[in-house]
Amino acid sequence: MVREQYVRSTLDSSLPDLPPDYIHRIGIYGWRKRCLYLFVLLLLIILVVNLALTIWILRVMWFNSEGMGLLQVNADGVRLEGESEFLFPLYAQEIHSREDSSLLIHSPENVTVFARNENGSVTGSLFVGPDQAEVFGQYLKITSDPEKMLFTASEAESVVGVNKLRVTGPEGALFEHSVETPLVKTDPLKDILLESPTRFTSMDAPLGVHIKAMGGNIEIASNEDILLHAQDKMLLLDAETVRLRRLPQGEAGVSGGPPQELYEVCACPTGKLYISLASRTSTCDRNQLC
């Protein structure tokens, strides 16, 4: 240790003293040092502001380990509680509500739902506006629980699957083409009317047409002819009184004048009706076809 001090003192004493101009300082001094400190201070302020803004955003948006506020992300999808507002289109495979509440979709203008295929083309849509609702698709089906078909519609046909189709409008139902149904009836104590104002009304059935009134009358009126035709069987009118009103009454022709073919309607005890050539007196007894 004494030797080291001796060597150092000897070496230091042997070196000549250098002038101050030849001494170079290592480091940052002066205005450069002040600019560096100012830059570091500015970075520190920006870091603190960013950290404060991040904490504020986390507090405002309610970020947590499960999601963001009322929006929770789990393995089954995304769960959103409360009311939410979407400013842009929403893409989802399935949307449903909780078991104890209903799903409400509200819009001040309209609500539009699109279904697209793999190519992005629209295959079905639902449009609900303030004045109308439109559904676009190849096939429409409405079912009830448990999977009971209520109504289906396609380009070929429309099917109503309920037990009873009730029309409550004051004007009834208007059919522009044919209607196929096994039964047409009305509520008790109400009349039923089948009418064609400008055309004709036809009822056909492979096994027969049955018209029955439980507590009233059956009236058939037409501006032209009324045809009751049974191809293979008989025509049955089962009532206490059968009236054919407004039948024309003919008179026997004047001797020497042109002959007139007048007929009278005759009835058998079984109810069968037939016509007989009319005369001054009834000819039903003479021309019985019973």
Side-chain angles (χ1 to χ4, degrees), residues 139-250 261-279 282-290:
Y139 184 75
L140 175 63
K141 183 177 181 181
I142 301 176
T143 60
S144 65
D145 191 24
E147 292 299 328
K148 181 180 179 181
M149 189 271 292
L150 299 180
F151 177 79
T152 60
S154 62
E155 295 182 358
E157 62 179 2
S158 298
V159 180
V160 179
V162 295
N163 296 329
K164 181 184 295 185
L165 176 62
R166 184 184 300 271
V167 180
T168 58
E171 299 295 333
L174 175 62
F175 300 96
E176 297 182 356
H177 301 283
S178 61
V179 179
E180 182 178 352
T181 176
L183 177 63
V184 178
K185 69 176 183 178
T186 184
D187 292 337
L189 304 179
K190 291 185 178 180
D191 298 335
I192 184 171
L193 175 64
L194 301 178
E195 180 182 8
S196 178
T198 59
R199 294 294 185 268
F200 63 91
T201 300
S202 175
M203 291 184 291
D204 301 324
L207 298 179
V209 178
H210 187 197
I211 303 175
K212 183 178 182 181
M214 300 297 295
N217 299 328
I218 297 177
E219 297 182 3
I220 302 177
S222 175
N223 294 329
E224 296 183 358
D225 297 336
I226 297 177
L227 302 178
L228 303 177
H229 176 66
Q231 184 174 0
D232 298 330
K233 302 294 181 178
M234 62 179 178
L235 181 64
L236 178 62
L237 301 177
D238 186 7
E240 294 182 359
T241 303
V242 178
R243 296 180 181 180
L244 302 178
R245 300 178 180 178
R246 300 179 183 179
L247 288 179
Q249 295 181 359
E261 295 184 357
L262 300 178
Y263 298 90
E264 60 178 337
V265 179
C266 303
C268 298
T270 58
K272 179 181 178 181
L273 298 179
Y274 63 94
I275 59 175
S276 177
L277 187 63
S279 180
S282 177
T283 59
C284 294
D285 295 338
R286 291 176 290 176
N287 301 324
Q288 290 188 1
L289 299 176
C290 297

Checklist line | Taking every non-hydrogen atom, the tightest pair across Met203 and Val209 | finding: O-CG2, 3.8 Å
Check: Under 3.5 Å, side chain of Glu264 to main-chain N/O of Ser282, donor-acceptor pair present?
Finding: no
Notebook entry, point to check: Looking only at atom types and distance, does a side-chain atom of Tyr139 sit under 3.5 Å from a main-chain N or O of Glu155, one as donor and one as acceptor?
Noted result: no
Notebook entry, point to check: Looking only at heavy atoms, what is the nearest atom pair of Ile218 and Ala213, with distance?
Noted result: CG1-CB, 3.6 Å
Margin query: Quick one, Ile192 and Val184 - any side-chain contact, counting heavy atoms below 4.5 Å?
Written below: yes
Notebook entry, point to check: Do you know which two heavy atoms are closest between Tyr274 and Ala267, and how far apart they sit?
Noted result: CE2-N, 4.3 Å
Next item on the list: Considering non-hydrogen atoms only, spot the tightest contact between Leu165 and Val162 and give its length.
Entry: N-CG2, 4.3 Å
Notebook entry, point to check: Roughly how far, to the nearest 0.5 Å, is CD1 of Ile220 from CD1 of Ile211?
Noted result: 5.5 Å
Notebook entry, point to check: When you check the side-chain N and O atoms of Thr201 and Glu195, is any donor under 3.5 Å from an acceptor?
Noted result: no
Item checked: Nearest heavy-atom neighbours spanning Cys284 and Val265 -> SG-O, 4.3 Å
Next item on the list: Take Thr143 and Phe151, measure what side chain to side chain contact (heavy atoms under 4.5 Å, CB included) needs, and give me the verdict at the end.
Entry: CA-CA 7 Å; Thr143 60; Phe151 177 79; over 6 Å; no
Margin query: Under the side chain to side chain donor-acceptor pair (under 3.5 Å) definition, can you give me all pairs with a residue in residues 158-170, not counting sequence neighbours?
Written below: Arg166-Asp187
